Amino acid sequence: MTDTHTDSAGPPASPRALARRRRRESAARFWAQYRRQRAGVTGLILLSAIVLLALCAPLLADGSALSVTQATGGRMDPPSAGYPLGTDETGRSVLALTIWGSRLSLVIGLTATVMAVLIGTVLGLTSGHFGGWYAWIALRLSDWFMVLPGLVVAIALLAVLGRSVATTITVIALVSWAGTTRLVRAQTLSVQARPYLERARALGAGHWHQMTRHILPNVMPLVLASATLLVPTAILTESALAWLGLGDPNVVSWGSILNRAWSSGAVSARAWWYLLPPGLAILLVVSAFMMVGRALEAVLNPRLRGGGR
Amino acid sequence: MSIDRRPAPAPVETAAPGTVAGALSARGLHVGYGLPGGRTARAVDGVDLDIAPGEIVALAGESGCGKTTLARALLGLERPTAGTVTHNGSPLRYKTKALKAFRRKVQLVLQDPTGALNPRHTVYDAVAEGPRIHRCGGDERERVARALSQAGLRPAEKYFLAYPHELSGGQRQRVVIAGALALEPEIIVADEPVASLDASVRGEILALLLRLRDEAGLGALVVTHDLGLAWSIADRIAVMYLGRIVEQGPADQVLTDPRHPYTRALVSVLPNSPVPEPIVLEGETPDATLIPGGCRFHLRCQELASGAAARAGVDGACRGSELPVLRADTADRAVACHLHASGSE
Amino acid sequence: QDDDTDRLMIAYDQELDTFNPFKQQFVISYNLSLLAYDTLIRTDAESFAPSPGLATEWEESDDGLTWTFTIREGAEWSDGEPLTAEDVEYTYDLLIENEDIRDWNIDFAGNLVDAEAPDDTTFVLTLEEPAPNDILYGGTYIVPEHIWSGFDDPADPTANDALPIVGSGPFQTVEYQINEFIRLEANPGYWDGAPGFDEIVYVVYSEPDAAVAALEAGEVDIVSKLNPAQAEALENADHVTVNNAQNRRFTSLNINHRAATADGDGFGDGHPALRDQAVRTALHTAIDKEALVDRVLDGSGDPGVGIMPEIFTDYHWDGGGDLVEFDIAEANGILDEAGYEKGPDGIRTMPDGGEKLTFRLYHHADNTDYATVVSFLTEWWEELGLEIEPEPIEMGTLNDKAYLGEYDIVFSGWGVGPNPSEIMGMYTCAVLPTKTDGTERSHENYFCDEEYDRLQAEQKLVADAAERRPMVERQQEILYDHAGTIWLYYQNNIEAYNSDKVANLTPQPADGGMITGQQGFLWAYHSATPVEGSEGSGATAASDNPTATILIAAAAAVVIGAGAFLIARRRRATADERE
Amino acid sequence: MTLLALDDLHVTYRGGRGDVPAVRGVDLTLAKGRTLGIAGESGCGKSTLALALLRLLPKSADVAGRILLNGEDVLTMGWGRLRAVRWADASIVFQGAMHSLNAVHRVGRQIAEPILLHGDTTEREAAEKAEELLGRVGLPAWRARSYPHELSGGQRQRVMIAMALACDPDLIIADEATTALDVMVQAQILGLLSELVTERGAGLVMISHDLSVLSAHCDEVAVMYAGRVVEQGPAGAVFSEPLHPYTGALGDSFPAIGDPAARLRPSGLPGDPPDPADLPGGCAFHPRCPAAEDRCRSEGPALLDLGDSRRSACLVTQSRRSAARAAEETA
Amino acid sequence: MTDETTAPGPRREGPGADGEADAGSEIPKATTGFGRYLLKHVSGALVSLLLVLFSSFFIFRLIGGDPVDQLTGERPVTPEQREAMRAELGLDQPLALQFTDYITGTLTGDLGTSFQYRQPVSELILDHLPATLLLSGTGLALAVTLGLWIGSRAGWKRGSRYDRAHTTTGLLLYSAPTFWLGMIVILVFARYLGLFPVNGMRSAETPPDALSQAVDVAHHLVLPVLTYTAVVYAGYLMVMRSSVLDEAGSDYLTTARAKGLRDDEVRRRHAVPNALLPTVTLIFLAMGNIVNGAIVTESVFSWPGLGRLFVQGIFYPDLPVLQSLFVLFSASTILAVLCAEILYWFIDPRVRKQ
Ligand SMILES: Nc1ncnc2c1ncn2[C@@H]1O[C@H](COP(=O)(O)OP(=O)(O)OP(=O)(O)O)[C@@H](O)[C@H]1O
Ligand SMILES: Nc1ncnc2c1ncn2[C@@H]1O[C@H](COP(=O)(O)OP(=O)(O)OP(=O)(O)O)[C@@H](O)[C@H]1O
Ligand SMILES: [Mg+2]
Ligand SMILES: [Mg+2]
């Protein structure tokens with residue numbers, strides 16, 4: 001334990017400004033630790049590349065690449081100079097489709113996760129903090145959602161709600177919030193049992209103060225790590241749903257590309273160029289998120305961190 | 001603030017508690033925990049206790065006897081099942097606002113300073129938390145600095161932006177104490193304040209408590225299972241067994257001349273103890289859900305086992321008749337033991 | 001079964017609903033019945049013309065109400081019992097007297113008055129009204145009285161579940177494994193000659209790709225409903241012959257021209273612009289059906305014109321050279337002229353400048369072809385200054401919306417039989433709903449036209465195709481001009497079979513016809529014969545002998561496992577010494 | 001006879017953020033039938049020392065010096081020999097009985113495990129032996145079938161002791177075996193331990209931070225500070241008449257009841273315990289030392305014999321002693 | 001080290017209470033504790049089951065669409081036929097009545113008749129169950145064995161080459177969409193190499209004797225199981241690995257080493273049993289994933305199991321089948337979790353503490 005506070009002594013600046021600096025410093029420390037996770041850094045680089053690709057999609061392949069009436073390629077042509085990854089069954093470039101598909105896959109994965117995490121955090125935090133019948137109901141509900149087979153529920157709900165990007169997002173969020181609730185609740189309970197909450201109560205702190213000043217900041221890092229690990233699940237779920245034919249066929253996501261490939265006989269036609277890119281893209285994004293998530297967890301969850309005894 | 005101006009309710013207790021201004025008192029306090037299966041753990045089972053400003057009271061006893069529960073009940077963190085806590089003579093009310101006001105005056109210091117500090121808050125935040133909650137106004141910085149230097153962290157500015165993990169255990173405990181002092185309380189309840197600290201550091205913290213008592217007139221209830229500690233700082237000591245105080249009085253008298261068999265046993269096993277032969281207690285661990293009838297200590301009592309009680313003719317009473325709650329307002333010493341039937345002297 | 005059994009393995013993807021031929025709806029059940037039973041008259045393989053089945057001859061009375069059939073002698077049930085006119089009478093009596101069966105088959109049975117078998121070879125049927133086409137194409141499966149009279153309730157869908165099925169047709173079902181396969185055995189004593197194969201096995205392949213792979217591997221002999229990519233892949237296999245056959249079904253767009261009840265009360269929420277024939281014609285003009293056939297179907301199909309697909313040469317209407325031609329500019333012109341001006345955002349509005357021309361386009365969510373078509377349509381129509389909102393919907397919900405009138409444009413499609421009056425009846429005023437709750441579903445897209453109805457009544461009574469044809473053509477023309485329904489294309493049925501193993505598959509119709517999905521009788525399967533010495537050929541070596549593969553794999557696994565174990569042991573020896 | 005001899009033992013933890021010299025040159029000896037107490041506050045290297053004795057330190061720890069157990073150097077033994085020595089020659093009772101017992105095995109099995117491993121016995125005999133051992137530590141035989149969580153802290157600690165006795169080792173190391181326990185239980189366990197040791201003539205190393213406890217139960221006490229032994233000597237003498245300021249402070253932290261000097265006068269050392277990764281130069285104790293002189297800042301004191309079988313590593317004491325001795329001699 | 005934000009730091013144990021001679025009087029009364037524990041979990045499971053039962057009925061009613069349309073496909077239907085079919089399917093009854101019929105039916109084992117197959121759903125389920133059990137059973141057994149075995153070794157030797165190789169492989173496989181992996185597997189092993197059949201569970205051509213049938217089924221089983229295992233085992237690997245990692249620094253392992261056990265004995269006898277405990281629940285908790293995996297794998301390989309029945313039912317929509325399978329799937333996960341909790345009582349002595 002080094003006395004880092006000593007070097008910040010200097011002329012007394014306002015505590016707030018200094019606090020900001022401390023925060024910056026701890027961010028830097030976090031980054032220094034994160035940087036030591038080799039897989040995490042790889043994942044981060046991969047992820048940034050993919051996000052960049054998704055953002056630049058209009059530059060790399062203009063929107064007309066998705067137009068069926070303007071498509072010039074042949075039906076499931078193998079890779080060629082004009083079409084580095086071949087074409088799909090309507091003559092569009094698989095490369096362009098895959099690049100454009102990244103946008104929707106990422107958007108669905110991220111939005112669904114944000115929704116799920118939001119629901120999960122609010123429910124978990126409040127139920128953990130307040131207890132009582134409210135917590136009982138929240139807990140039962142999340143337990144219930146937790147044990148239900150996610151894909152089954154998602155399929156059923158999608159069949160009911162109809163297919164669109166919005167419903168897909170909602171459905172994925174609905175089947176994945178429960179884990180976060182449990183996590184947040186467990187973490188809330190454990191923070192709740194820490195002496196510093198007792199101290200805060202003894203200082204006269206109210207519920208709001210306890211939740212926002214003490215519990216939430218201590219729960220957030222774990223939520224962040226778990227959210228990072230939720231994104232891959234969401235992306236995989238989306239692709240599975242789309243592949244099963246439960247997505248919106250009018251939009252281009254990796255899952256829907258694979259669905260089209262499957263139903264238009266790409267496997268029979270041995271059109272590997274049609275099957276590989278979207279699948280590999282999913283694999284890359286998912287493993288990138290997993291790597292980042294696991295690295296975050298390793299940094300933020302000291303249980304996994306320490307070597308030795 | 002407001003609490004001082006609120007008209008005091010009519011006195012309810014016969015032995016008017018808290019005659020000293022700012023005193024914190026418990027009267028007939030019972031705290032029970034409902035356990036699964038309908039059992040109740042009577043963690044505190046009838047306690048009378050006074051803590052006045054400028055006085056350090058030690059509460060000793062073995063593990064699980066209800067010390068922490070009593071301390072928490074005194075702070076209003078636990079609602080008693082019976083009995084009252086009074087502050088300044090007025091019974092504590094468990095409304096959010098009333099509790100908040102009360103907690104400006106009575107503060108808590110916990111055993112484990114590492115746990116008691118939020119790892120994400122700087123020292124400044126931790127100390128300023130109380131004043132912020134109570135919207136104390138004034139110069140917050142100034143207040144924090146004062147509290148820190150009072151607690152012996154000087155220069156205070158040096159510590160403002162340290163995180164708890166950058167401090168040593170003793171420093172952390174000082175921060176916790178500073179956090180309590182920032183509200184300028186009258187009484188501090190410290191639950192095992194040095195139990196988790198290194199031996200050589202303990203003395204410093206204890207010395208701080210003594211100094212605060214002398215300089216600021218602070219009152220303190222120090223919960224401990226270490227009788228040596230009580231010897232070093234307490235004016236008075238209360239020994240607790242299974243939810244009750246079984247002996248209390250001036251610390252030096254009680255420790256050098258323990259009267260209750262339980263206190264004697266506790267003192268006897270210490271190195272260089274004034275009790276010549278170590279007394280190792282027999283019998284089951286006390287269990288707050290199963291408090292024996294009669295004297296609650298009789299199952300393990302060495303006096304009863306050795307026949308001394310029978311010789312004194314009180315063995316029947318030991319097994320069969322319950323002892324009254326030790327009154328807090330009795331003069332010097334009080335012992336809840338049939339062998340000392342007079343109860344006090 | 002010993003292994004010299006010649007089996008014809010057919011891939012199918014649908015489940016069976018029932019073995020009760022009076023209650024079935026599924027194509028596979030229909031096929032099984034066609035194989036198991038005979039009808040009095042069957043449609044021939046040449047051109048769907050009525051031809052003798054169990055009845056060698058038939059005669060219509062002058063008033064068209066009495067039909068006399070001569071029943072074939074020597075026909076037998078598969079259990080060896082003779083088949084007589086008694087059985088025929090029993091069968092028709094079921095239709096007439098069993099209320100449940102009658103209701104189920106009301107279109108046909110409702111017109112029957114009496115069935116009589118004066119002797120073993122004569123059968124007389126009395127009708128309430130003349131309906132020659134119903135009789136000629138009606139196809140009632142003659143069931144064995146000696147079996148069926150033992151059923152508690154012949155109308156029960158499970159009544160006929162005991163296997164093997166007793167019938168008089170070329171193949172009877174003997175084994176059924178749900179979701180796996182259906183096995184039929186040949187009836188060697190079939191009156192029309194013993195089938196060439198000993199067995200037919202329908203094998204479930206719910207994924208077409210799997211069926212394709214199986215055909216390539218020689219595990220299955222006939223595969224249908226292929227998509228172009230699969231066909232292309234199969235064409236490369238030497239032992240496979242691909243048959244790109246015309247099909248009986250059409251794909252169309254139903255435009256909500258005005259959902260209304262029989263009383264003329266409009267309902268639903270269709271876009272008002274679509275009530276304007278000009279708008280519908282503009283939409284029609286902006287569809288390049290050739291392109292759809294080329295690009296979506298890869299040429300395996302024909303542009304749609306009218307109800308009757310090209311396969312029914314007798315009744316198909318080709319438009320007589322007067323068809324709408326794809327022309328975006330012209331379509332724009334039509335809209336301009338009709339007063340639908342473009343707003344500032346480039347979207348046309350109603351002539352009063354109010355509502356924008358925003359059309360919901362509903363399509364079946366599970367059909368990827370439709371999704372592709374939708375992309376085309378959307379792109380074309382957006383060039384007209386229309387706003388298109390495509391939405392994939394589950395079939396059930398889609399139908400609900402269609403019958404509630406809550407749509408603008410919706411996909412539709414029907415399989416068509418050789419007798420045109422059946423499908424064309426759905427466009428008559430008589431079947432319009434009387435309520436607006438969407439429960440009456442006999443109509444197709446709320447069409448109602450006086451002239452059309454008159455022609456329908458007339459052509460129904462004409463048995464002669466040449467005489468009937470102009471009327472049917474005129475009906476189709478009326479529908480075409482109205483443009484409430486736009487026929488997009490007739491999609492081919494691409495089939496493929498293992499030509500190393502199967503020969504003599506008679507197509508229906510003779511010219512460019514199909515092997516699977518035949519009507520009136522399964523000519524192809526009856527005539528199919530195993531190719532000499534085919535047993536075991538065509539299949540790849542490995543899948544031919546799964547045991548060998550497994551053994552090899554197992555051996556490899558053992559070797560690898562043992563190796564890994566040894567390596568692990570050696571490693572452990574050193575690991576012992578460390579911590 | 002010398003059972004255990006440590007010769008200039010060094011342990012350094014190599015880590016990402018620099019090396020931590022946890023033990024910095026310790027020489028100690030222990031004879032059979034004797035009890036050695038090691039005192040010192042948290043982080044001074046007591047547990048590291050204990051673990052080093054059986055080479056149980058994690059890979060990240062570098063050990064140098066010699067550890068002679070019955071004359072054999074533990075540090076240069078082959079792994080096979082080491083495994084044979086472990087528990088059969090020397091066993092350890094760890095501080096946290098809660099975590100040192102495997103929660104999923106019954107305690108009887110855990111006690112029997114080393115017996116089976118080192119002895120030539122059947123499972124049955126081992127189980128009987130385990131029950132007998134439980135009896136020795138005052139637990140009924142049926143407790144062998146209990147799981148650790150079914151026992152109280154003191155009972156678990158006794159199971160650990162029974163386990164340590166399982167192979168009749170020559171050396172028993174008790175690393176803070178009573179720290180977490182109530183005074184009453186602590187007294188019982190300490191009594192039990194010393195009784196067993198004297199009875200068997202084994203050597204006992206008792207580690208604690210409570211100097212007063214050690215002085216009451218040990219023959220000899222070594223006080224550690226920052227990885228070094230700073231004072232060593234007969235238990236009573238070390239406690240009553242410390243020769244190192246740190247020992248004094250440590251002793252004062254546990255005031256004797258009835259001692260008016262300690263009444264309302266808690267004493268402690270100013271400053272914080274040292275960070276072994278960042279030790280001050282000179283005498284490691286000098287920043288907190290009330291008697292520190294200038295030379296303490298630069299000069300690292302050695303542990304010198306000061307007579308009466310006492311040793312101390314304080315320059316001030318050393319010079320005072322030698323001055324006294326010189327005075328004595330001149331006198 | 002920076003701030004310990006999350007899991008509670010090592011909390012110093014309060015002085016443990018202790019009694020003296022607790023002579024053989026009472027043996028810990030586990031039974032009453034178990035009763036209460038069981039009751040608590042069983043009642044929780046029952047509540048969940050009831051919720052599932054209720055919701056399954058209503059969820060699928062919301063799908064909309066007249067099942068008759070789907071039943072009749074693209075063939076014209078007369079109103080009479082429509083009525084008859086609705087009556088036959090029980091759709092003509094008021095919803096409340098349908099609901100009570102459904103509840104009483106389900107509770108008495110009568111799951112109704114499939115719209116699609118016109119068969120009692122219970123029979124359908126019994127027909128399809130063996131296939132699902134075979135596929136997911138084999139796959140699961142393989143995945144669990146492989147995952148736990150590799151995971152425990154990887155965790156024990158954290159950071160070693162073995163660990164890195166296996167975690168990377170596991171991570172990649174875990175990240176691959178099941179269906180895609182299945183498609184690629186088909187492409188490679190069936191399309192290019194022609195080694196395995198790609199569809200179904202057996203060939204109709206296979207002679208009916210038991211051995212040939214078994215070999216045939218095994219042959220069909222290879223690819224689906226490969227796919228299934230590949231995706232699922234990685235999860236177990238990760239869980240086991242981190243579980244072993246959690247245990248790795250524990251004091252009881254130091255004790256075990258101090259006793260003179262060999263390194264792999266320490267791992268096998270002490271670390272793995274402890275690490276397995278949290279894993280066991282996770283295996284059961286992962287029942288949901290098993291169902292998910294079954295659905296997708298069965299769909300890719302046309303495996304005639306319940307998952308595929310369900311997916312096909314959705315497109316139908318075959319309400320009775322959907323309802324029943326939804327209840328079945330959910331019930332099996334709920335029961336699996338219940339089993340895990342009960343099992344946990346027996347295998348982890350620590351649970352019995354309360
Ligand atoms: N929240 C609770 N629920 C149920 N029982 C409790 C609870 N808190 C304490 N108890 C019980 O009340 C009794 C007294 O507990 P308490 O924590 O007050 O003891 P203590 O004297 O502080 O012990 P220690 O010295 O171990 O801190 C014990 O038997 C304990 O088991
Ligand atoms: N595995 C390790 N890696 C790095 N440093 C370690 C490791 N184990 C211990 N240390 C450091 O070595 C020093 C000595 O630790 P040790 O556990 O021996 O102290 P101790 O005297 O037993 O303390 P306590 O009384 O708290 O048990 C401490 O500073 C500690 O932080
Ligand atoms: Mg306590
Ligand atoms: Mg230690």
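Reminder, nothing fancy here: chain letters follow the sequence lines and each chain counts from 1. Not measured: the values here are computed from a predicted model. Only heavy atoms go into these numbers, but all of them, side chains included; no hydrogens, no water, no symmetry mates.
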Check whether any side-chain heavy atom of V244(E) lies under 4.5 Å from a side-chain heavy atom of M240(E), and answer yes or no. yes
Going by the rule side chain to side chain donor-acceptor pair (under 3.5 Å), which residues pair with Y228(E) if we only count those two or more places apart in sequence or in a different chain? none
Looking at side-chain heavy atoms only, is the closest gap between W180(E) and L276(A) below 4.5 Å? yes
Can you say whether V311(E) sits under 4.5 Å from chain A via the side chain, the backbone, both, or neither, judging by heavy atoms? side chain
Which region of R241(E), side chain (C-beta onward) or backbone (N, CA, C, O), has a non-hydrogen atom less than 4.5 Å from a non-hydrogen atom of chain A, or is it both or neither? side chain
Scan residues 43-56 of chain E for pairs that pass salt bridge (charged side-chain N to carboxylate O under 4.0 Å, His left out), counting only residues two or more places apart or in two chains. none
Note, M76(A) side chain near S264(A) side chain (heavy atom, < 4.5 Å): yes
Side chain, backbone, both or neither: which part of I235(A) has an atom under 4.5 Å from a heavy atom of chain E? neither
Given heavy-atom pairs under 4.5 angstrom as the criterion, report whether the side chain, backbone, both or neither of W254(A) touches chain E. neither
Is the shortest heavy-atom distance from the side chain of M238(E) to the side chain of L171(E) under 4.5 Å? yes
Count the heavy-atom pairs under 4.5 Å between each of L284(A), I155(A), L148(A) and chain E, then report the option with the highest count. I155(A)
Between A331(E), A45(E), P177(E), which residue shows the highest count of heavy-atom pairs closer than 4.5 Å to chain A? P177(E)
Counting only non-hydrogen atoms closer than 4.5 Å, does I184(E) touch chain A with its backbone (N, CA, C, O), its side chain (CB onward), both, or neither? side chain
Could you tell me which of G245(A), A154(A), S287(A) has the largest number of non-hydrogen atom pairs under 4.5 Å with chain E? S287(A)
Given a strict heavy-atom distance threshold of 4.5 Å, which part of T167(E) is in contact with chain A: side chain, backbone, both, or neither? side chain
Tell me, side chain or backbone of S55(E) under 4.5 Å from chain A's heavy atoms, or both, or neither? side chain
So which of N292(E), V291(E), T333(E) has the largest heavy-atom pair count under 4.5 angstrom toward chain A? N292(E)
Checking R163(A) against T167(A): is there a side-chain donor and acceptor pair closer than 3.5 Å? no
Part of I59(E) within contact of chain A (heavy atom distance under 4.5 Å): both
dist R257(E):CZ -> Y252(E):OH (nearest 0.5 Å) comes out at 10.5 Å
Approximate separation, where rounding is to 0.5 Å, of E298(E) CD and T132(E) OG1: 3.5 Å
More than 12 heavy atoms of other residues, nucleotides or ligands under 6.0 Å from CZ of F57(E): yes or no? yes
Chain A contact via V300(E) - side chain, backbone, both or neither, heavy atoms under 4.5 Å: both
Pairs satisfying salt bridge (charged side-chain N to carboxylate O under 4.0 Å, His left out), at least one member in residues 259-284 of chain A, at least two apart: E89(A)-R260(A), R270(A)-E216(C)
When rounded to the nearest 0.5 angstrom, what is the spacing between OG in S175(E) and CZ in F289(A)? 11.5 Å
With a 4.5 Å cut-off on side-chain heavy atoms, are T237(A) and L241(A) touching? yes
Residue F329(E) versus chain A: region with a heavy atom under 4.5 Å: both
Among L157(A), V153(A), V286(A), residue most engaged with chain E (heavy-atom pairs, under 4.5 Å): V286(A)
Residue by residue, which of residues 223-230 of chain A have a heavy atom closer than 4.5 Å to a heavy atom belonging to chain E? none
Option that, when pairs with chain A are counted at under 4.5 Å, heavy atom only, ranks first among S299(E), A336(E), G307(E): S299(E)
Neighbour count >12 (heavy atoms, 6.0 Å) for atom CZ, R38(A): no
